[in-house]
**Student:** 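Please find one structure pasted underneath; my questions will follow.
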Amino acid sequence: MSDVSLVVNGRKVSGSVEDRTLLVHFLRENLGLTGTHVGCDTSQCGACVVHVDGKAVKSCTMLAVQASGSEVVTIEGLANGAELHPVQAAFKEHHGLQCGFCTPGMIMAATDMIRRHPEGLDEATVRAELEGNICRCTGYHNIVKAVLAASKTMAKSKGKAKAKAA
Amino acid sequence: MYAVTYHRAASVADATKLAKGKDAKYLSGGMTLIPAMKTRLAAPSDLIDLGHIADLKGIKVSGKTVTIGAGTTHSEVANNAKLKSVCPALTDLAGHIGDPHVRHKGTIGGSIANNDPAADYPAAMLALDATIVTNKREIAAAKFFKGLFETALKEGEIVTGVTFTAPEKAGYEKFRNPASRYAMTGVFVAKSKDGVRAAVTGAGDNGVFRSKEVEAALSKSFAASALEGVKVPSKNLMGDLHATPDYRANLVVVMAKRAVAKAG
Ligand SMILES: Cc1cc2nc3c(=O)[nH]c(=O)nc-3n(C[C@H](O)[C@H](O)[C@H](O)COP(=O)(O)OP(=O)(O)OC[C@H]3O[C@@H](n4cnc5c(N)ncnc54)[C@H](O)[C@@H]3O)c2cc1C
Ligand code: FES
Ligand code: FES
């Protein structure tokens, strides 16, 4: 057993877990944050994607103890109260989900992708960047649309914030 | 996953001390080891996490000499501007390993220590005539990669980094398995003042190897057209449900052509 302490969605948390506990299980079972899903056994589907120290990672392929001391953001940490994050809003607007199983991972991958591409995104880039996220329902078209739309909205609001600051 | 005891190493010396006398495995990005432990293909008693050792991280480029720490992630290699300016083939290769999430964790040291017969880095290391540096010694890539998942590493030895001289020109191209996305055949070509080297991954039944035929043709002229009509023997190539040895032999030439075209 090891002690694990993390900052999850801005909140300090800790727990004592078996060393083999995966980060995803710590989030779901110890913290009750069941938004992060497990879709495969092979580190391929991306349903479990969360951000660790600002980077998207597969939480099914990392031990909770390995993450100890880090900051984690999960799908539950994106919305501002009742106000959806722009990526969540875009998935809703563009019908970027059907069953919703892949959606938390898709959205965490999308926010990471948008952060890494401040120059903006195009369709080919979004599709290549979604390599690690599998969706069995949508055929990806509306997911790609949603990510592109969100990236535009976020660039605009960033521009506005800059103008205000100036 | 079977029960395991986790240790976080503060330094390379600390890591070797922690591993001593145990059925331990080093943990770097975990992108190979953790999936293997989940399926119980690997079941070490102890994990020694190298992920917090600052000495193992970072990329140095001085003139044409490149040094990459073992703990440097695929994403850090892919996005390093200095490295890109001297060896864009390697940053491109790193940017096409797995997916963005895998690239945020997986490391060059883990990849070469693992020596998966379909991994991308071993081809680059062999074609670039790189030196693999460990806590004990320096090993030429040609001596380091020994076979399927086999390397020259001794019990407890830690890869600390790799170093090579940037080539005049280099390119990498792989044909991806449509499901696993690993290279079904990948070829790294490099031209330096000492000649042309071409290393093949994903195709050899004993892991990464140099293709004499491709090298001979490209030594005459470093152009895709020089590979027209070149035949690579299918003996010692892998055959599985994805491709026969003959199919892979053809892919070696096709990927080599594309790699040379990319090298410019
Ligand atoms: C979905 C997915 C897709 C992938 N696609 C590709 C791909 O297209 N191409 C490709 O090349 N790879 C691919 N990989 C593998 C990936 O590149 C891994 O990062 C890499 O193989 C292992 O690096 P790691 O840092 O994660 O090592 P780990 O998994 O931590 O370790 C791997 C092995 O190396 C040993 N080890 C680690 N570091 C050292 C060290 N410094 N010294 C000595 N031994 C050490 C460990 O004990 C272990 O046995 C993929 C992985 C996944 C999960
Ligand atoms: S559950 Fe993590 S990649 Fe599928
Ligand atoms: S919406 Fe069902 S798996 Fe993607």
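Residue numbers start from 1 in every chain, and the chains themselves are labelled A, B, ... in the order their sequence lines are given, proteins ahead of strands. As the structure is a prediction and not an experimental result, all values here were calculated from the model.
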**Student:** Out of curiosity, R20(A) CZ to T5(B) OG1, how far, rounded to the nearest 0.5 Å?
**Tutor:** 10.5 Å
**Student:** Tell me, yes or no, whether the heavy-atom count around E155(B) atom CD, taken from other residues, nucleotides or ligands under 6.0 Å, exceeds 12.
**Tutor:** no
**Student:** Under a 4.5 Å heavy-atom cut-off, does chain A meet the side chain of A179(B), its backbone, both or neither?
**Tutor:** backbone
**Student:** Count the heavy atoms belonging to other residues, nucleotides or ligands that lie under 6.0 Å from CZ of R115(A), then report whether that count exceeds 12.
**Tutor:** yes
**Student:** If you count heavy-atom pairs within less than 4.5 Å of chain A, which of L33(B), I34(B), D49(B) leads?
**Tutor:** I34(B)
**Student:** How about K84(B): does its NZ atom have over 12 heavy atoms from other parts shown lying under 6.0 Å from it?
**Tutor:** no
**Student:** How long is the gap from CZ on R8(B) to OG on S2(A), to the nearest 0.5 Å?
**Tutor:** 9.5 Å
**Student:** Rounded to the nearest 0.5 Å, what's the gap from CE on M37(B) to OG1 on T61(A)? Could you check?
**Tutor:** 12.5 Å
**Student:** Stepwise, does the side chain to side chain contact (heavy atoms under 4.5 Å, CB included) test hold for C60(A) with K38(B)?
**Tutor:** CA-CA 10 Å; C60(A) 74; K38(B) 284 167 70 175; 3.6 Å; yes
**Student:** Begin with the C-alpha distance, continue with both residues' side-chain angles, and end with the deciding distance and a verdict on side chain to side chain contact (heavy atoms under 4.5 Å, CB included) for D99(B) and K58(A).
**Tutor:** CA-CA 10 Å; D99(B) 58 57; K58(A) 291 174 169 171; 2.6 Å; yes
**Student:** Is V102(B) in contact with chain A via its backbone, its side chain, both, or neither, using a 4.5 Å heavy-atom distance?
**Tutor:** side chain
**Student:** Donor-acceptor pairs under 3.5 Å, side chain of residues 62-78 of chain A to any protein atom, not counting sequence neighbours: which ones?
**Tutor:**
unit_1 : atom_1 : unit_2 : atom_2 : d
Q66(A) : OE1    : L63(A) : N      : 2.9
S68(A) : OG     : S5(A)  : N      : 3.1
S68(A) : OG     : S5(A)  : O      : 3.4
S70(A) : OG     : D53(A) : OD2    : 3.0
S70(A) : OG     : A67(A) : O      : 3.0
T74(A) : OG1    : N9(A)  : ND2    : 2.9
T74(A) : OG1    : E76(A) : N      : 3.3
T74(A) : OG1    : E76(A) : OE1    : 2.6
E76(A) : OE2    : T34(A) : N      : 3.4
E76(A) : OE2    : G35(A) : N      : 2.8

**Student:** May I ask you to name which of G29(B), G51(B), P100(B) has the most heavy-atom pairs under 4.5 Å with chain A?
**Tutor:** P100(B)
**Student:** Does atom NE2 (H37(A)) have a neighbourhood of more than 12 heavy atoms from anything else shown, all under 6.0 Å?
**Tutor:** yes
**Student:** So which part of H52(B) gets closer than 4.5 Å to some heavy atom of chain A, the side chain, the backbone, both or neither?
**Tutor:** side chain
**Student:** Side chains of H101(B) and D112(A): donor-acceptor distance under 3.5 Å anywhere?
**Tutor:** no
**Student:** About how many Å separate CE of M1(B) and CG of D19(A), when rounded to the nearest 0.5 Å?
**Tutor:** 10.5 Å
**Student:** Apply side chain to side chain contact (heavy atoms under 4.5 Å, CB included) to the pair T73(B) and K55(A), showing each step before the final yes or no.
**Tutor:** CA-CA 12 Å; T73(B) 64; K55(A) 288 180 185 146; 5.8 Å; no
**Student:** Before accepting this row, confirm whether a basic side-chain N of the pair R103(B)/E131(A) lies closer than 4.0 Å to the acidic partner's carboxylate O.
**Tutor:** no
